[in-house]
Amino acid sequence: MRIFALKIKPKTHYRMAQTEVSTANFSLTREEVLNDYRIACESRHASLIGRKEVFMGKAKFGIFGDGKEIAQIAMAKAFRKGDFRSGYYRDQTLMFALRVLTLEQYFAQLYAHPDVKAEPATGGRCMNGHFATRSLDANGKWKNLMEQYNSSADISCTAGQMPRLLGLAYASKLYRQNPQLATMVDFSVQGNEVAFGTIGNASTSEGLFFEALNAAGVLQVPMVVSVWDDGYGISVPQEYHTTKGDIYKILIGLQRTETEKGFELFQVKGWQYDELCQTYLTAAEIARREHVPCLIHVTEMTQPQGHSTSGSHERYKSKERLAWEAEYDCIKQMGKWMITNGYATAEELEEIDRRAKQRALEAKNNAWSAFVDSMKGDQQEVLRLLAEAADTCNHPTIKEQLLTVRSEYQRTINPQYMDAMKAARHGLRLLRGQHSTARQALIDWVKRAEQANERRFSSHLLSESDESALLVREVKPVYSENSPMVDGREVLQACFDAMLARDPRVFAIGEDVGKIGDVNQAFAGLQAKYGELRVGDTGIREATIIGQGIGAALRGLRPITEIQYLDYLLYAIQTLSDDLACLHYRTAGGQKAPLIVRTRGHRLEGIWHSGSPIGMIINSLRGMHVLVPRNMTQAAGMYNTLLLGDDPALVIECLNGYRLKERLPDNVGEFTVPLGVPEVIRMGTDVTIVTYGSMCRIVMQAAEDLSKIGIEVEIVDVQTLLPFDRYGIIGQSIRKTNRVIFADEDVPGGASAYMLQQTMDNQDIFQYLDAKPVCIAAKAHRPPYGSDGDYFSKPNPEDIFDAVYAMMHEASPTKYPAIY
Ligand SMILES: Cc1ncc(C[n+]2csc(CCOP(=O)(O)OP(=O)(O)O)c2C)c(N)n1
């Protein structure tokens with residue numbers, strides 16, 4: 001055993017004055033060092049073999065962690081059970097070292113093996129290098145996260161991991177500082193868990209990186225960010241990415257001082273094993289103990305095989321650089337260090353490397369066999385069914401064609417599920433019109449296989465657990481004689497008060513949410529009542545507000561994160577779409593983040609305060625519920641529903657509804673609005689108008705005017721766009737009126753078109769229509785400021801009136817003569 005003194009070289013600005021680090025002396029046994037070297041070698045061989053597999057056509061794309069092994073071995077030493085990782089595609093060695101990824105699983109992901117037993121991170125849904133551990137059991141219930149090393153699920157978008165990282169670290173702060181959470185021992189022990197982040201040097205140019213770092217410094221959360229610096233971002237060298245060509249230099253201002261809170265910064269070379277170990281142990285200790293964020297800039301990393309299988313780095317790296325990379329390869333340097341310090345002989349290292357290669361090859365073969373074998377059943381079955389169909393076919397040409405389909409399928413190299421399906425469907429095309437048991441058997445197989453493939457490739461978009469928000473039963477609001485008329489915002493305030501009182505996991509954050517209780521005061525007075533940790537202000541940083549919520553939700557909490565205005569959701573839409581909405585899907589049910597995102601939008605004033613980009617939202621947020629309550633009572637009921645469920649959701653309140661009077665339900669904390677159930681808010685016989693949100697009031701106004709001239713409009717408030725009308729309520733209305741208008745204030749072709757498509761495709765309304773269905777939308781531009789701007793841009797009651805009237809005129813020109 002050797003003992004090393006702490007020898008992290010202090011920079012002039014490097015201070016650890018506040019910290020007494022117990023890792024000042026640490027030991028590395030020979031056994032441990034040899035084991036580390038073995039893991040690094042296995043990881044390297046996995047990368048080398050993986051690349052070859054892609055070039056042999058056995059996988060479609062490969063991106064590997066070669067050149068980054070040793071720093072990750074060091075990080076693993078500091079990583080404890082209960083901790084979380086939020087990183088990117090280079091982190092395979094960390095995952096191997098933590099033993100949360102086997103070599104077999106690594107290759108299974110490369111091949112896209114669609115079975116969580118073989119590929120537990122994503123069930124074959126993400127390309128290789130997208131790591132994740134499973135936080136949920138097969139029933140979608142939380143596992144004990146304190147018994148495992150945790151990795152949140154990677155996404156491909158560079159720096160997209162940063163907002164979530166902030167939230168994972170923030171959860172520790174809540175667990176440490178909110179005593180009401182002390183019983184949640186499956187998620188935290190006094191907030192001692194560190195969130196480890198990794199990012200490539202080039203990706204630090206992204207705004208999300210700086211936003212997350214700044215927020216972590218403000219919040220003082222236990223987050224250890226590593227920048228893997230190999231000098232390039234694909235082909236683009238450092239000087240194009242970073243001012244002064246050095247991320248460390250430009251982050252110096254974050255460094256904490258004796259008097260100011262901030263970060264602890266470190267810089268260390270990616271090939272210096274012992275220094276890396278010391279640095280990681282030191283940083284993790286500071287973060288864990290003091291809740292101070294740390295950043296470790298790991299320099300002089302390499303990329304032996306280039307960026308990915310898409311190209312070769314010889315095209316953009318100089319000969320000198322390539323020679324340097326070969327010499328400063330981290331595994332080579334670790335080997336040298338081991339020999340110099342007496343840990344191993346050159347022969348021993350060679351032997352470790354030889355065995356590592358063997359082991360990686362063996363794992364590759366195991367994974368490939370398992371992948372291929374998993375499809376053999378389908379293959380044999382379809383070949384048999386096609387042979388049977390050909391045997392029993394009396395038509396010589398068709399028989400021959402069936403045998404051709406069969407032999408082409410049989411000759412397919414590395415056949416997959418789709419090849420079986422293609423062959424069966426092509427066979428059935430040939431068998432059309434025939435009545436044979438062989439044809440029926442093939443049809444039955446296709447139906448069964450469709451179901452199986454639906455599970456393999458399309459399951460888990462939403463929660464499938466018994467906590468699904470879709471299972472939450474309706475509880476109607478109760479009113480008594482004494483139920484007061486209040487401002488809409490007070491209904492919400494009473495609802496949030498009840499939520500905060502009954503569930504310590506709930507907290508709300510956002511711009512102006514804390515002290516003033518949000519810009520429309522739905523949280524007014526609640527910070528004073530529940531404290532800053534439960535109802536808190538944030539900086540103006542929409543993406544990381546969402547990330548803060550995602551990370552906390554991944555660790556068992558129930559955040560309500562607020563985006564102040566719907567128009568500013570665009571700042572966060574990438575994180576919502578790429579990270580939150582697809583989380584449950586991309587992990588094949590392995591992780592969930594039941595985050596409630598609250599915002600307010602639709603009509604108010606001007607280009608940036610009256611947006612309703614609903615098409616953008618519903619198209620990019622599949623995997624979330626998107627709720628559009630027409631008033632604050634409906635909103636409150638929806639919040640109650642969501643909190644009982646375990647899916648993420650976006651609730652868009654009506655910006656102009658907070659001061660409108662509503663009756664406060666007696667059971668404001670308990671009543672629920674079921675999701676996917678539209679409400680008929682006005683009965684009528686002539687035309688159905690399908691709408692939602694603020695437009696409900698506009699349409700209602702038009703309906704009153706139409707009623708005066710004898711036209712009765714039925715108004716359906718869809719209430720939730722995702723999910724959409726699960727029980728065909730709109731279709732029922734159209735069956736009665738035979739005419740329909742879809743009205744909203746999105747752009748033409750936006751959510752009005754979506755509502756039309758949903759009812760057309762799923763409710764077969766075409767057969768009930770006596771008139772062409774009509775979509776009413778806003779103009780394609782955003783509304784100018786002022787009342788005229790609104791009137792001439794967004795649908796107004798007169799537009800609705802005229803559209804309905806035109807339909808009635810078409811049906812009966814004498815009864816309804818033309819207005820214009
Ligand atoms: C938002 C986004 N832009 C571009 C890409 C394409 N892309 C993938 S990796 C990469 C370079 C990243 O370089 P760096 O952050 O230094 O990490 P490295 O791959 O070198 O480890 C780029 C541009 C992406 N995945 N996401």
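In this text, all values refer to a predicted model and were calculated from it rather than measured experimentally. In listed order, ligands and their atoms are each counted from 1.
- Under a 4.0 angstrom heavy-atom cut-off, Gln303 registers as being in contact with ligand 1.
- Using a 4.0 Å cut-off between heavy atoms, Thr204 makes no contact with ligand 1 at all.
- Within a 4.0 Å radius of atom 6 (C) of ligand 1, the protein has no heavy atom.
- Shown in contact with Tyr88 at under 4.0 Å from a heavy atom are these atoms of ligand 1, numbered in order with element: 17 (O), 18 (P), 21 (O).
- Heavy-atom proximity to Asp230, at under 4.0 Å, picks out these atoms of ligand 1: 20 (O), 21 (O).
- Within the listing of ligand 1, atoms 14 (P), 15 (O), 16 (O), 17 (O) sit less than 4.0 angstrom from a heavy atom of Gly200.
- Proximity of Tyr232 to ligand 1, defined as any heavy-atom pair under 4.0 Å, is confined to the backbone N, CA, C and O atoms.
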Return all side-chain donor-acceptor pairs below 3.5 angstrom for residues 193-200, not counting sequence neighbours, or 'none' if the list is empty.
residue: Glu193; atom: OE1; partner: Ser188; partner atom: OG; Å: 2.7
residue: Glu193; atom: OE1; partner: Arg555; partner atom: NH2; Å: 2.8
residue: Glu193; atom: OE2; partner: Ser188; partner atom: OG; Å: 3.3
residue: Glu193; atom: OE2; partner: Val189; partner atom: N; Å: 2.8
residue: Thr198; atom: OG1; partner: Tyr88; partner atom: N; Å: 3.2
residue: Thr198; atom: OG1; partner: Asp91; partner atom: OD1; Å: 3.4
residue: Thr198; atom: OG1; partner: Asp91; partner atom: OD2; Å: 2.6

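- Within ligand 1, counting atoms from 1 as listed, the ones closer than 4.0 Å to a heavy atom of Glu206 are 1 (C).
- Evaluated by nearest non-hydrogen atom to atom 1 (C) of ligand 1, the leading choice among Val227, Thr198, Thr158 is Thr158.
- Considering only residues two or more places apart in sequence or on other chains, His297 meets the ring-ring contact (aromatic ring centres under 6.0 Å, His included) condition with none of them.
- Only the backbone of Ser156 comes within 4.0 Å of ligand 1, counting heavy atoms alone; no side-chain atom from C-beta on gets that close.
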